[in-house]
Amino acid sequence: MNYFSSDFKLGILGGGQLGKMLLFDTRKFDIQTYVLDPSNEAPCKIACDKFFKGDLMNFETVYNFGKKVDVLTFEIELVNLEALVKLEEEGLKVYPSPKTLKLIQNKGIQKDFYTKHAIPTANYKRFANLKSLIVNILDSKLKLPFVWKCTEFGYDGNGVKVIRQISDLDNLANVECIAEEMVPFKNELAVIVCRNPSGEIKTYPVVEMEFHPEANQVEYVICPARIDAKVAEKARAIALNVSEKFNHVGLLAVEMFQTEDDEILVNEVAPRPHNSGHYSIEASYTSQFENHLRAILNLPLGNTDSKVAGIMVNLSGEEGFSGDVVYENIEKILSWDGVTPHIYGKKETRPFRKMGHVTIVNKNIDEARKIAEKVKNTIRVISNN
Ligand code: ADP
């Protein structure tokens with residue numbers, strides 16, 4: 001099929017920042033795109049060829065949108081799965097496949113998948129709701145502490161809570177959940193794997209993630225991870241294995257824990273471009289977005305190696321500020337070498353809302369880390385009202 005400067009249409013479910021960054025590459029290749037998103041102010045709106053406003057969880061809306069395009073992908077996992085299944089049954093190419101998405105959308109099912117395929121992961125128990133979890137604690141069948149995770153609709157750590165005492169469960173929703181053993185980890189790592197329908201497969205280098213202690217959002221992503229080469233090799237091999245077991249198409253971001261004994265445990269996966277791969281826009285030969293596009297269109301995959309060390313700093317809304325966004329000191333960080341801000345285009349800031357990110361590239365990773373810290377302490381996402 002001819003994708004370039006043709007009538008071919010790529011459909012993207014979700015119009016957020018991941019979609020917007022994917023659209024840089026569809027524009028580069030002159031590939032037509034249709035985007036569906038519930039918000040009229042979606043970041044994608046300015047860069048797609050045609051924008052449709054609609055509910056991503058509604059069967060009819062997603063199905064009708066799918067009927068307009070030649071290949072369908074998504075930038076968010078919370079989409080109507082039944083519509084994707086039906087579209088795929090009717091012959092539409094949906095990548096990643098709804099079969100993969102089904103295994104991932106529910107954290108309980110995802111964990112069972114790892115167990116079934118002997119992929120190392122933290123021990124866990126599944127519960128139909130919070131009440132039955134509490135019964136298990138009272139019957140001494142579940143020991144504290146553990147990590148509570150709701151199985152569906154959690155994102156960026158908001159469906160996750162460390163439970164040290166029973167009162168920590170107060171105010172949690174009575175929904176399906178898992179209780180996971182606390183992992184004493186040295187590092188949180190991620191590997192992005194890309195795979196096309198012909199089975200060509202490549203991994204990006206292992207990255208290291210540093211989290212904000214309160215917001216549970218990634219603060220720095222560091223590429224390459226400053227870890228032992230053997231551990232990195234192990235992480236890459238596990239990510240490849242996970243990808244092969246899912247038999248996915250497109251990108252699969254595999255998040256992992258490096259334990260104190262240098263074991264690697266898979267935490268969770270995301271079947272799409274991922275926050276941990278944003279550095280690749282500036283630092284890699286081929287960005288994760290370009291490779292996602294190449295993969296879902298069954299084109300040859302691009303080189304995933306880095307040209308330079310890259311560090312990404314998330315720009316989230318400062319606490320105490322809500323309203324029209326202002327990026328304080330953005331000119332200042334722009335005056336430093338190797339610093340590139342990405343502004344997602346959300347008009348309103350809220351505490352911890354992901355508003356953008358900044359990439360820092362440098363030949364020397366320690367230098368990059370120093371500049372990243374300076375960037376983080378200089379730019380502020382605030383509002384002027
Ligand atoms: P989300 O899907 O919201 O990103 P995660 O499962 O990735 O949720 O958990 C968010 C964060 O919580 C992780 O990045 C990690 O810092 C911490 N966490 C999750 N599971 C565990 C665990 N079993 N042990 C210790 N910390 C954990």
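Only a predicted model underlies this, so the values are computations on that prediction, with no experimental measurement involved. Remember, it's 1-based here, ligands and their atoms both numbered in the order they're listed.
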Participant: Between Ser97 and His248, do the side chains contain an N or O donor and an N or O acceptor separated by less than 3.5 Å?
Facilitator: no
Participant: Going by the atom numbers of ligand 1, which of them fall below 4.0 Å from some non-hydrogen atom of Lys107?
Facilitator: 1 (P), 2 (O), 5 (P), 6 (O), 8 (O)
Participant: May I ask you to list the atoms of ligand 1 that are less than 4.0 angstrom from any heavy atom of Glu180?
Facilitator: 20 (N), 21 (C), 22 (C), 23 (N)
Participant: Atoms of ligand 1 less than 4.0 Å from Glu255 heavy atoms?
Facilitator: 7 (O)
Participant: Please determine whether the number of non-hydrogen atoms from other residues, nucleotides or ligands lying under 6.0 Å from atom CG of Asp139 exceeds 12.
Facilitator: yes
Participant: Minimum distance, heavy atoms only, to atom 22 (C) of ligand 1: which one of Leu265, Val147, Thr121 is it?
Facilitator: Val147
Participant: In ligand 1, which numbered atoms sit nearer than 4.0 Å to a non-hydrogen atom of Lys149?
Facilitator: 6 (O), 19 (C), 20 (N)
Participant: Please list, in number order, the atoms of ligand 1 under 4.0 Å from a heavy atom of Met182.
Facilitator: 24 (N)
Participant: Go through ligand 1 atom by atom and flag the ones less than 4.0 Å from a non-hydrogen atom of Glu188.
Facilitator: 13 (C), 14 (O), 15 (C), 16 (O)
Participant: Return the CG to CG distance between Leu92 and Leu72, rounded to the nearest 0.5 Å.
Facilitator: 5.5 Å
Participant: Applying salt bridge (Lys or Arg N to Asp or Glu O under 4.0 Å), run through Glu82 and Lys86 and close with a yes or a no.
Facilitator: CA-CA 6 Å; Glu82 288 71 37; Lys86 189 158 188 317; over 6 Å; no
Participant: So is Phe257 in contact with ligand 1, going by heavy-atom distances below 4.0 Å?
Facilitator: yes
Participant: So is there a nitrogen or oxygen of Val183 less than 3.5 Å from a nitrogen or oxygen in ligand 1?
Facilitator: yes
Participant: Regarding Arg195 and Ser243, do their side chains bring together a donor and an acceptor under 3.5 Å, going by distance alone?
Facilitator: no
Participant: Can you tell me which portion of Val162 lies within the under-4.0 Å heavy-atom range of ligand 1? Options are side chain, backbone, both, or neither.
Facilitator: neither
Participant: Test question: given the 4.5 Å side-chain rule for I, L, V, M, F, W and Y, name all other residues clustered with Val242, or answer none.
Facilitator: Leu103, Ile104, Ile109, Phe113, Tyr114, Ile119, Leu189, Val191, Val193, Ile201, Val206, Ile227, Val231, Ile238, Leu240, Phe246, Leu252, Val254, Met256, Ile264, Val266, Val269
Participant: Hydrophobic clusters join Ile, Leu, Val, Met, Phe, Trp and Tyr when side-chain heavy atoms are under 4.5 Å apart, directly or via other members; which others share one with Val308?
Facilitator: Val361
